[in-house]
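A quick write-up on the structure given underneath.
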Amino acid sequence: VRELTHGWDNNIAEFAFLPGGNDLVAISEKRQRHVGLHIVFESGDVHEILTSMNPGQMSVATATPGPVMAIVSDAQNQPPQVYYWAIAHDNPQAPRALTRLNATALDSLGMNPAREFGWVGAGGDSVFGMIVTPPDFNPGRRYPVIILIHGGPQGAWLDQFHGRWNAQMFAAPGYVVAMINPRGSTGFGQRFVDEISRDWGGKAYDDIMKGVDVVARLPYVDSTRMAAAGGSYGGYMVNWINGHSDRFKALVSHAGVFNLEAMMGATEEQWFTDWEFGGPYWNNRADYERFSPHRFAQNFHTPTLVIHGALDYRVPETEGMQMFSALQRQNVASRFLYFPDEGHWIGKPQNQIVWWHTVQEWLARYLNRPSS
């Protein structure tokens, strides 16, 4: 067995053999986008061959005079479409669109592209994120801000269209959306990914808050009207923020971890908490206590919408119930949105509509925007 991509420091996702079976093409994350790679068997060299678009899925076939790729590509302002690309290293051609699905609907919508921004995070490391501005954006105005925090924590916001946690939906009522990729985010090298483990509320929190500082200074941002929202680990971080900062007018915590010891004992992913916190809590109680949001519940002051599904076995429903109870018992403005037929993700279309209406109403209440 020989490792081909030893020099490539990001994850290899989808891959396919080129005709003849000697080389591979693959997709990998790199700095908030997908890139296409050509991997040479003989030397192990990895070449980036497709960086002008965001290939999320692909297939490869043989065609005269050479191999071709069918690519599904998207962006924050473009739902997925299918493209055709002839792989020709000597005379590369631009991928050609084969579909324009939902063209009429898309032509009627105002969706702005994502713009990358960066800052210096914890320990002097470079951290990045993306900003999506609202429809009819006017740089001479000042807009409320929503900070989005992704789950995982080993994951990333990408320049990618998604039905859930859709940046365009958050921006549509008139908000600037900042999608933060702190410590633990994929696509920035393995060291950056690894540094989230056993440090959930440490460098990642610093990365996020330093990013918030940068966003707050933008000339078109009203730093007095900011909210933060996240799911899974993002929900954990929202809970953590509530115990450590008063900068936000409102928070949205979806399927967030509240009590790390309780979550460790109830999650179906027992290996996950062992990996993230160095074993079960009776062997490493210090890290569980250090980074558990419930230990800072006495500091909760920010209005919070808590969302959870009864069938969530990843972060069991009692985590959301405990968070909501801690808020209610301290008279912190809060609401609990509960889905008896959903798990870690809200997948049913009607439930998604309820989710979006509730989230938008909550944000509008505290960011002084009319509800949608």
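Along the sequence shown, residues are numbered consecutively beginning with 1.
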D207 side chain to R183 main-chain N or O, any donor-acceptor pair under 3.5 Å?
yes

Take H308 and F339, measure what ring-ring contact (aromatic ring centres under 6.0 Å, His included) needs, and give me the verdict at the end.
CA-CA 6 Å; H308 229 103; F339 291 96; over 10 Å; no

Got a salt bridge between D222 and R225, using NZ or NE/NH1/NH2 to carboxylate O under 4.0 Å?
yes

Just do the side-chain contact (heavy atoms from CB on, under 4.5 Å) check on L367 and I146 with the steps written out, would you?
CA-CA 9 Å; L367 298 181; I146 300 171; 4.2 Å; yes

Are D107 and R100 ion-paired here, with the side-chain N under 4.0 Å from a carboxylate O?
yes

Please confirm whether the backbone N or O of I131 pairs with a side-chain atom of T133, one donor and one acceptor, at under 3.5 Å?
no

Say whether D9 and Q190, considering side chains only, have a donor N or O and an acceptor N or O under 3.5 Å apart.
no

Just by distance, no angles: are the side chains of S28 and H34 close enough, under 3.5 Å, to form a donor-acceptor pair?
no

Any side-chain hydrogen bond (donor to acceptor under 3.5 Å, both in side chains) involving residues 159-171? Give me the pairs, sequence neighbours left out, ordered by first then second residue.
R33-D159

Q298, CD: over 12 other non-hydrogen atoms inside 6.0 angstrom:
yes

Can R365 and E361 be counted as an ion pair, charged N to O under 4.0 angstrom?
no

Using the rule ring-ring contact (aromatic ring centres under 6.0 Å, His included), only one of W200, W271, W282, F272 pairs with F277; which is it?
W200

Polar side-chain atom of N239 near backbone of V257 as donor-acceptor pair, under 3.5 Å:
yes

Donor-acceptor pair, distance only, cut-off 3.5 Å: does the side chain of N259 make one with the backbone of A262?
yes

Do any N or O atoms from the side chain of R96 and from the backbone of Y84 form a donor-acceptor pair under 3.5 angstrom?
no

D287: which residues meet the salt bridge (Lys or Arg N to Asp or Glu O under 4.0 Å) condition with it, sequence neighbours left out?
R198

Is it the case that N299 and H244 place a side-chain donor and acceptor less than 3.5 Å from each other?
no

Under a plain distance cut-off of 3.5 Å, with no hydrogens placed, do D74 and Q81 share a side-chain donor-acceptor pair?
no

Output yes when D213 and R247 qualify as a salt bridge under the 4.0 Å nitrogen-oxygen rule, no when they do not.
yes

Residue pair E276 / Q154, side-chain donor-acceptor N/O under 3.5 Å
yes

What I want to find out is whether D125 reaches K210 closely enough, with some N-O distance under 4.0 Å, to be called a salt bridge.
no

For V120, the other hydrophobic cluster members (4.5 Å side-chain criterion, sorted by chain and number) are none

To the nearest 0.5 Å, what is the distance between CG (D312) and NE2 (H254)?
7.0 Å

Apply salt bridge (Lys or Arg N to Asp or Glu O under 4.0 Å) to R314 and list each qualifying residue two or more places apart in sequence or on a separate chain.
E268, E269

Under 4.5 Å side-chain linkage, directly or through intermediates, the cluster mates of L101:
none

Between N351 and D341, do the side chains contain a donor N or O and an acceptor N or O under 3.5 Å apart?
yes

Between the side chain of T358 and the main-chain N/O of V354, is any donor-acceptor distance below 3.5 Å?
yes

N368 CG to T224 OG1 distance, which is reported to the nearest 0.5 Å
8.5 Å

Could you go through the side-chain contact (heavy atoms from CB on, under 4.5 Å) check for W157 and M130 one step at a time?
CA-CA 8 Å; W157 297 120; M130 292 176 291; 3.8 Å; yes

Give the other cluster members for M323, using side-chain heavy-atom distances under 4.5 Å between Ile, Leu, Val, Met, Phe, Trp and Tyr residues; answer none if it is isolated.
F258, F300, V306, M321, F324, L327, V332, F336, Y338

I'd like to know if the side chain of S232 and the backbone of G234 have a donor-acceptor N/O pair within less than 3.5 Å.
no

Among side-chain atoms of N10 and T186, is any donor-acceptor pair under 3.5 angstrom?
no

With no hydrogens and no angle check, is any side-chain donor or acceptor of S292 less than 3.5 Å from a backbone partner on L260?
yes

Going by the angle between their ring planes, with limits at 30° and 60°, are W240 and F291 parallel, tilted or perpendicular?
tilted

Taking atom CG of D136 as the centre, does the number of heavy atoms from other residues, nucleotides or ligands within less than 6.0 Å exceed 12?
no

Sub-3.5 Å donor-acceptor pair from the side chain of Q76 to the main-chain atoms of N112, do we have one?
no

Of all the heavy-atom pairs spanning W85 and I49, show the shortest one and how long it is.
CH2-O, 3.3 Å

